[in-house]
Student: 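Could you have a look at this structure, given as structure tokens, before my questions?
Residue numbers start at 1 and run along the sequence shown.
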Amino acid sequence: QNELGLIKECLRIDPTNALAIARKSVFEIISEGDEVSEITKAKSILDISQAAESSPEDNEIKWYKAIIITWKFNTFL
């Protein structure tokens with residue numbers, strides 16, 4: 001929970017920080033555990049897409065995007 005708080009503070013200071021946006025998308029899914037709401041799912045996918053679009057060469061963002069895409073695929077099986 002502390003990690004997510006720090007990420008949100010970073011986004012409060014700089015709402016365009018692509019890496020913070022990507023990290024937030026992953027941490028929000030993690031913080032909800034096994035019962036991730038539809039709103040969180042949609043927001044996380046939107047956020048990671050936005051982060052990847054604004055920083056297409058950032059390998060850490062690519063990694064977070066792969067995590068979310070894999071998670072999304074596995075939750076719909």
Student: Find the distance between CD1 (Ile69) and OG (Ser49) and round it off to the nearest 0.5 Å.
Tutor: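 Answer rounded to 0.5 Å: 7.0 Å.
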Student: How long is the gap from CG on Leu4 to CD on Glu9, to the nearest 0.5 Å?
Tutor: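 Rounded to the nearest 0.5 Å, the CG-CD separation comes out at 12.0 Å.
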Student: Quick one: closest heavy-atom pair of Ala22 and Ile48, and the distance?
Tutor: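 Looks like CB-CD1, 3.6 Å.
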Student: List for me each residue that meets side-chain contact (heavy atoms from CB on, under 4.5 Å) alongside Asn59, sequence neighbours excluded, and say none if there are none.
Tutor: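 Here the qualifying residues are Lys62.
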Student: Going by the rule side chain to side chain donor-acceptor pair (under 3.5 Å), which residues pair with Lys8 if we only count those two or more places apart in sequence or in a different chain?
Tutor: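 Result, side chain to side chain donor-acceptor pair (under 3.5 Å) vs Lys8: none returned.
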Student: Under a 3.5 Å distance rule, please check whether Glu28 uses its side chain to pair with a backbone N or O of Ser44 as donor and acceptor.
Tutor: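 No: the side chain of Glu28 does not pair with the backbone of Ser44.
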Student: How many angstroms lie between atom NZ of Lys24 and atom NZ of Lys43, to the nearest 0.5 angstrom?
Tutor: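 Output value for this atom pair is 4.0 Å.
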Student: Minimum heavy-atom separation for Ile21 and Pro15, please, with both atom names.
Tutor: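 The answer is CD1-O, 3.6 Å.
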Student: What's the spacing between Ile29 CD1 and Asp47 CG if we round to 0.5 Å?
Tutor: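 Ile29 atom CD1 to Asp47 atom CG measures 9.5 Å (nearest 0.5 Å).
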Student: What closest approach, in Å, do Lys65 and Ala52 show between heavy atoms, and which atom pair accounts for it?
Tutor: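 Between these two residues, the closest heavy atoms are CD-CB, 3.9 Å.
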Student: Is it true that Arg23 and Glu60 make a salt bridge, defined as a side-chain N closer than 4.0 Å to a carboxylate O?
Tutor: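 Salt bridge between Arg23 and Glu60, a charged N being under 4.0 Å from a carboxylate O: yes.
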Student: Look up atom CG in Leu19 and atom CG in Leu11, then write down how far apart they are to the nearest 0.5 Å.
Tutor: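 That separation rounds to 9.5 Å.
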Student: What's the spacing between Gln50 CD and Ser25 OG if we round to 0.5 Å?
Tutor: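 Rounded to the nearest 0.5 Å, the CD-OG separation comes out at 10.0 Å.
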Student: Count the heavy atoms of every other residue, nucleotide or ligand shown that sit under 6.0 Å from CD1 of Ile13, and state whether that count exceeds 12.
Tutor: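 Correct, the count exceeds 12.
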Student: Any donor-acceptor pair under 3.5 Å linking the side chain of Thr70 with the backbone of Ala66?
Tutor: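 At least one qualifying donor-acceptor pair exists.
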Student: Under a single-linkage definition using a 4.5 Å side-chain heavy-atom cutoff for Ile, Leu, Val, Met, Phe, Trp and Tyr, are Leu46 and Ile68 assigned to the same hydrophobic cluster?
Tutor: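 Result: no, two separate clusters.
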